[in-house]
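Structure, as structure tokens:
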Amino acid sequence: LSRGLGDVYKRQVSISGTGDGSNLILKTFNAADDTQKWKKSSAGSNLYYIRPKAASTMTMDIEGPSTGSGAPIQIWTHNTSAAQFKWYVL
């Protein structure tokens, strides 16, 4: 969940807050910032929930849930319902 080009340009996907609907944002990489740390938990069938370390009861989610291009990515309370977005991780 990071993008870098040597030491010149390093950005990390981070959460903007810890409550339902908090958006994902890009921030300058900071190894000590827990809002930039993520863990995956199995959702079965090679799918995963992506969960922020700074908000352990939340899961990375698509707003809506939408299937359209450009849909906002946010965090939402982890609930394992059919609407909770699951990610395929390579």
Side-chain angles (χ1 to χ4, degrees):
L1 296 175
S2 64
R3 170 135 174 33
L5 180 62
D7 291 328
V8 177
Y9 176 77
K10 289 187 179 180
R11 298 282 184 247
Q12 187 75 18
V13 174
S14 181
I15 54 176
S16 63
T18 56
D20 285 339
S22 294
N23 290 322
L24 272 62
I25 57 175
L26 284 177
K27 289 174 58 176
T28 301
F29 176 74
N30 178 349
D33 185 352
D34 282 349
T35 69
Q36 298 180 358
K37 296 177 183 174
W38 301 86
K39 61 183 178 178
K40 62 182 183 177
S41 61
S42 179
S45 301
N46 293 321
L47 296 170
Y48 296 90
Y49 300 108
I50 307 295
R51 306 188 65 189
K53 182 175 181 181
S56 62
T57 62
M58 300 295 182
T59 297
M60 188 187 296
D61 203 90
I62 304 293
E63 186 177 296
S66 173
T67 57
S69 296
I73 302 175
Q74 63 186 8
I75 58 172
W76 202 265
T77 300
H78 183 71
N79 59 42
T80 68
S81 72
Q84 190 88 73
F85 205 82
K86 298 162 190 78
W87 301 86
Y88 179 72
V89 179
L90 300 175

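Numbers here are sequence positions counted from 1. Note that the structure is predicted; figures quoted are calculated from it, not measured.
- Hydrophobic clustering, defined by side-chain heavy atoms of Ile, Leu, Val, Met, Phe, Trp and Tyr closer than 4.5 Å, groups Leu90 together with Leu47, Tyr88.
- Partners of Ser81 under the side chain to side chain donor-acceptor pair (under 3.5 Å) rule, at least two apart in sequence or in another chain, are Asn79.
- Residues in residues 68-88 take part in no salt bridge (charged side-chain N to carboxylate O under 4.0 Å, His left out) pair, two or more places apart or across chains.
- For Lys40, the salt bridge (charged side-chain N to carboxylate O under 4.0 Å, His left out) test picks out no residue, with sequence neighbours left out.
- In terms of heavy atoms, Ala43 sits closest to Tyr49 at CB-CE1, 3.4 Å.
- When side chains are defined from C-beta on, Thr28 counts as touching Arg11, because their heavy atoms get closer than 4.5 Å.
- For the salt bridge (charged side-chain N to carboxylate O under 4.0 Å, His left out) test, no residue two or more places apart in sequence or in another chain qualifies with Lys39.
- One hydrophobic cluster, built from ILVMFWY side chains closer than 4.5 Å, holds both Leu26 and Ile73.
- Two different hydrophobic clusters hold Trp76 and Trp87 under the rule that ILVMFWY side chains link at heavy-atom gaps under 4.5 Å.
- Ser16 contributes atom OG, which lies 5.0 Å from atom CG of Asn23 (distance to the nearest 0.5 angstrom).
- By the side chain to side chain donor-acceptor pair (under 3.5 Å) test, Asp34 is found to be paired with Lys37, residues two or more places apart in sequence or in another chain being considered.
- Proximity of a side-chain donor or acceptor of Gln36 to a complementary backbone N or O of Gln12 within less than 3.5 Å is not detected.
- Expressed to the nearest 0.5 Å, how far OG of Ser41 lies from OH of Tyr48 amounts to 10.0 Å.
- Residue pairs meeting the salt bridge (charged side-chain N to carboxylate O under 4.0 Å, His left out) criterion with at least one member in residues 17-31, sequence neighbours excluded: Lys27-Asp33.
- Looking only at distances, no side-chain donor or acceptor of Ser22 sits under 3.5 Å from a matching main-chain atom of Ile15.
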Sequence neighbours excluded and cut-off under 3.5 Å, please list the side-chain donor-acceptor pairs for residues 53-64, or say none.
unit_1: Thr59; atom_1: OG1; unit_2: His78; atom_2: ND1; d: 2.6
unit_1: Asp61; atom_1: OD1; unit_2: Gln84; atom_2: NE2; d: 2.8
unit_1: Asp61; atom_1: OD1; unit_2: Phe85; atom_2: N; d: 3.2

